[in-house]
Amino acid sequence: MTVRIGVVGTGAIGKEHMNRVQQRLAGAEIVAVTDVNQASAEQALQELGIQAVIYPDDQTLIDAQDVDAIFVTSWGPAHEATVLKAIAAGKYVFCEKPLAVTAKGCMDIVKAEMEHGKRLVQVGFMRQYDSGYMQLKSALDANLVGEPLFLKCAHRNPEVNAAYTTDMAISDTLIHEIHVLHWLLDDEYVSAQVLYPRKTKNALPHLQDPQIVMLETASGVLIQVEVSVNCKYGYDIQCEIVGEDGIVSLPEVESITVRKEGKLSTNILTDWKLRFTDAYDKELQDFIHSITRLGVPAGPSAWDGYVAAVTSDACLKAQESGLKEPIALESTPDFYQMNIKAQV
Ligand code: NAP
């Protein structure tokens, strides 16, 4: 079976996902698109050489008989409404992060999906498909370094544009760590605190950068994430897990080493898109294969989207208060407890 996909939002990531479906992935094709800006949808199809129907809005695209699954790649605040419409129509939906911009919005999606009675939603937290993080997960599951005690992580971008604000360090940037570390440790977050070191000269006046986020889990693991979005030197993702019997770290991105003119050097990526290309391919391939083979998406669920939103809200509160803020999550419903085996 070929999954016929309709795309809502033909901006940067929408086009990338359309291109990977058409060029690299198996079992799916793009048959429909829509965007608030119709010209953008037309241009995207032309640029990518894809023939698909352009619909005036998300509802008409979702209602189309020949659309089996929806990609939601529009602006974050528009995600919730489109996902709810897709669930109401009983269609599978892959939604880029954030699932919704509020925890209540995520919970409304969770409730709608549970009422529907079958999992339909996968959220675009691609890092759990990255081979480095998968190796870390296997190491933890095999108890390679004993119980984890402390994590030291960093999310560094070379620079951001003037539209990037202090809160986006949490809602746009840290959100990936929030999801992937929860998945790695399989442990609930219980508190968050945000500390501001001396501000870098490279940040615009309105932006607090860098930021140090401290998360604590139910079993007592402490997590420190440095978010630096004007580090200049590259796009650099670090994760070191200090365990009882040793330390395990995320591998560096593979790159040749050069010995020349008295120096031993290796490249650091500067473009975030290149860091997780394989992971983006795998998350979408898993979505396509799992809905075809298992009838449910195997990747990050609407519940994961809710956990990320609640944690993100606590971090945002901590940014304002300077205090350690509690993270109060409802217990995971049985509906989301099932472990669905990835199909990639
Ligand atoms: P973008 O380039 O601004 O694209 C968003 C597109 O959606 C634009 O074409 C926008 O039109 C359109 N749009 C806005 N509201 C809409 C609506 N109500 N219905 C249909 N289309 C609508 O942004 P992007 O970088 O692609 O990001 C899109 C989403 O993906 C964001 O939520 C972002 O957080 C997420 N994302 C995730 C990752 C990841 O690593 N997983 C990476 C990048 C982005 P206008 O331009 O006319 O407003």
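Here, residue 1 is the first one in the sequence, and each next residue gets the next number. Note that ligands are numbered from 1 as they come in the structure, with each ligand's atoms numbered from 1 the same way. For clarity, every value in this text was computed on a predicted model and none was experimentally measured.
More than 12 heavy atoms of other residues, nucleotides or ligands lie within 6.0 Å of NZ in Lys91, so this atom counts as buried by the packing criterion. More than 12 heavy atoms of other residues, nucleotides or ligands sit less than 6.0 Å from atom NZ of Lys199. When the shell of 6.0 Å around NZ of Lys232 is examined, it contains more than 12 heavy atoms from other residues, nucleotides or ligands.
The contact set between ligand 1 and Gly9, taken as ligand atoms under 4.0 Å from a residue heavy atom, comprises 7 (O), 21 (N). Listed by atom number, the atoms of ligand 1 under 4.0 Å from Gly124 heavy atoms are 41 (N). Ligand 1 places these atoms under 4.0 Å from at least one heavy atom of Gly76: 32 (O). Close contacts of ligand 1 with His79, meaning ligand atoms under 4.0 Å from a residue heavy atom, involve 32 (O). For ligand 1 and Met126, the ligand atoms under 4.0 Å from any heavy atom of the residue are 40 (O), 41 (N). In summary, the atoms of ligand 1 found under 4.0 Å from a heavy atom of Ala78, numbered by their order in the structure, are 17 (C), 18 (N). Near Pro98, meaning under 4.0 Å from any of its heavy atoms, are these atoms of ligand 1: 32 (O).
In terms of polar-atom proximity, defined here as any N/O pair under 3.5 Å, Ala12 does make such a contact with ligand 1. The shortest N or O to N or O distance between Ile13 and ligand 1 is under 3.5 Å. When only interatomic distances are considered, the shortest N/O to N/O separation between Glu96 and ligand 1 falls below 3.5 Å.
One side chain, Asp63 or Gln59, offers a donor N or O that lies under 3.5 Å from an acceptor on the other.
Under the 6.0 Å cut-off for aromatic ring centres, Phe94 and His17 qualify, their centroids lying closer than that.
The two residues Arg119 and Tyr92 make their nearest non-hydrogen contact at O-CE2, 4.1 Å. Across every non-hydrogen atom of Gly9 and Thr73, the tightest pair is O-OG1, 2.6 Å.
Shown here, atom 23 (O) of ligand 1 is out of close reach of the protein: none of its heavy atoms lies under 4.0 Å off. There is a protein heavy atom less than 4.0 angstrom from atom 9 (O) of ligand 1. Put simply, atom 46 (O) of ligand 1 has no protein non-hydrogen atoms near it, under 4.0 Å away.
At least one side-chain heavy atom of Arg4 sits under 4.5 Å from a side-chain heavy atom of Glu29. Between Phe335 and Glu113 the shortest side-chain heavy-atom distance falls below 4.5 Å.
For atom 32 (O) of ligand 1, the candidate residues are Lys97, Glu283, His17; the nearest heavy-atom contact is made by Lys97. With distances taken over non-hydrogen atoms, the option nearest atom 48 (O) of ligand 1 out of Asp172, Thr82, Val36 is Val36. Looking at Val72, Thr73, Val33, Asp57, it is Thr73 that brings a heavy atom closest to atom 5 (C) of ligand 1.
Within the model, atoms CG of Asn202 and CG of Asn230 stand 6.0 Å from one another, a figure rounded to the nearest 0.5 Å.
In Ser74, the parts holding a heavy atom less than 4.0 Å from any atom of ligand 1 are both the side chain and the backbone. Residue Trp272 touches ligand 1 through its side chain alone, judged by heavy-atom distances below 4.0 Å. Only the side chain of Tyr280 comes within 4.0 Å of ligand 1, counting heavy atoms alone; its backbone N, CA, C and O stay farther away.
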